[in-house]
Student: 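First the structure, which I've put down as structure tokens, then a few questions once you've had a look.
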Amino acid sequence: MPKYLLIMRGTDESNAAMMADIDEMMAATRQFIEETVKAGVLLAAEGLDDPGQGVVVDFSGEAPVVTDGPYGETKELFGGFFLLDVASKQEAVEWAKRVPAARGSKIEVRRVPGDDEVPQVDK
């Protein structure tokens with residue numbers, strides 16, 4: 001079965017709204033994870049630390065440039081993911097519609113190519 005990554009994306013505003021009701025959001029997220037486990041589709045799920053604790057390595061120039069967070073120019077931030085093993089993109093979308101998310105957030109659904117789709121390096 002194909003794998004799909006449900007990528008949680010938020011803005012400063014949606015992240016603040018989530019943090020305002022963090023206990024409720026965490027309970028809803030635990031419930032969502034339990035549902036995906038019971039359905040046998042969850043492969044992995046992780047949230048990410050505050051973007052102010054990260055760095056960006058930018059390859060726009062001749063040499064990579066490292067910039068410490070936070071990133072004022074970023075409109076949306078990657079906040080975490082759920083990796084699902086489902087039968088179709090439509091099934092992944094149906095799960096994405098059930099992810100607990102604050103108003104203004106987005107869930108991006110991306111297929112993970114199988115090993116047979118990735119060019120192999122001859123040894």
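Atoms considered below: every heavy atom in the structure, side chains included; atoms not considered: hydrogens, waters and symmetry mates. Note that the numbering runs from 1 along the sequence shown for the chain.
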Student: Are any of the side-chain heavy atoms of I33 and F82 separated by less than 4.5 Å?
Tutor: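 The answer is yes, as the side chains (C-beta and beyond) meet within the 4.5 Å cut-off.
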Student: Consider only side-chain heavy atoms of I, L, V, M, F, W and Y, link residues closer than 4.5 Å, and tell whether M25 and M19 are in one cluster.
Tutor: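 As far as the 4.5 Å side-chain criterion goes, M19 and M25 are connected within one cluster.
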Student: With rounding to the nearest 0.5 angstrom, report the CD1 to NZ distance, I7 to K106.
Tutor: 13.0 Å
Student: Hey, could you give me the CZ/CG distance between R9 and N15, rounded to the nearest 0.5 Å?
Tutor: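 Going from the CZ atom of R9 to the CG atom of N15 covers 12.5 Å.
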Student: Provide the closest heavy-atom pair for G10 versus S14 in the form atom of the first, atom of the second, distance.
Tutor: CA-OG, 3.3 Å
Student: Can you tell me how far CG of D58 sits from OG1 of T67, rounded to the nearest 0.5 angstrom?
Tutor: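 Rounded to the nearest 0.5 Å, the OG1-CG separation comes to 6.5 Å.
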Student: Grab the two heavy atoms, one from V57 and one from P64, that are nearest each other, plus how far apart they are.
Tutor: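 The pair with the smallest heavy-atom distance is CG1-CB, 3.8 Å.
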Student: Is there a continuous path of hydrophobic side-chain contacts, each under 4.5 Å between heavy atoms, that joins L83 to V86?
Tutor: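 Hydrophobic grouping puts L83 apart from V86.
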Student: I'd like to check L48 versus F78 (side-chain heavy atoms, cut-off strictly below 4.5 Å). Are they in contact?
Tutor: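 Yes. Closest side-chain heavy atoms under 4.5 Å.
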Student: Using the rule that two of Ile, Leu, Val, Met, Phe, Trp, Tyr join whenever any of their side-chain heavy atoms come within less than 4.5 Å, decide whether V109 and F32 are in one cluster.
Tutor: yes
Student: In terms of heavy-atom contacts, does CD of E46 have more than 12 from other residues, nucleotides or ligands at under 6.0 Å?
Tutor: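 12 or below, so no.
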Student: Could you check whether any side-chain heavy atom of R111 comes within less than 4.5 Å of a side-chain heavy atom of E117, counting everything from C-beta outward?
Tutor: yes
Student: Report the C-alpha separation of L6 and F81 in whole Å, then their side-chain angles, then the decisive distance to 0.1 Å, and conclude whether the side-chain contact (heavy atoms from CB on, under 4.5 Å) test is met.
Tutor: CA-CA 5 Å; L6 309 185; F81 68 88; over 6 Å; no
Student: In chain order, what residues pass the side-chain hydrogen bond (donor to acceptor under 3.5 Å, both in side chains) check against K97, with sequence neighbours excluded?
Tutor: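 Partners of K97 by the side-chain hydrogen bond (donor to acceptor under 3.5 Å, both in side chains) criterion, ordered by chain and then number, come out as E94.
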Student: Determine whether V112 and Y4 satisfy the following criterion, side-chain contact (heavy atoms from CB on, under 4.5 Å), listing intermediate values before the conclusion.
Tutor: CA-CA 6 Å; V112 178; Y4 283 87; over 6 Å; no
Student: Sorted by first residue and then second, give each side chain to side chain donor-acceptor pair (under 3.5 Å) pair with at least one member in residues 18-32; sequence neighbours left out.
Tutor: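 The answer is Q31-E35.
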Student: Taking NZ, NE, NH1 and NH2 as the nitrogens, is one of them in E108 or R110 under 4.0 Å from a carboxylate oxygen of the other?
Tutor: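 Looking at E108 and R110, the cut-off is met.
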Student: Please assess L84 against L42 for the test side-chain contact (heavy atoms from CB on, under 4.5 Å), listing each intermediate value before the final yes or no.
Tutor: CA-CA 5 Å; L84 305 181; L42 184 67; 3.9 Å; yes
Student: Identify whether M26 and I107 are in the same connected component of the hydrophobic contact network (ILVMFWY, side-chain heavy atoms under 4.5 Å).
Tutor: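 No.
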Student: What distance do S105 atom OG and M18 atom CE have between them, rounded to the nearest 0.5 Å?
Tutor: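 The OG atom of S105 sits 7.5 Å away from the CE atom of M18.
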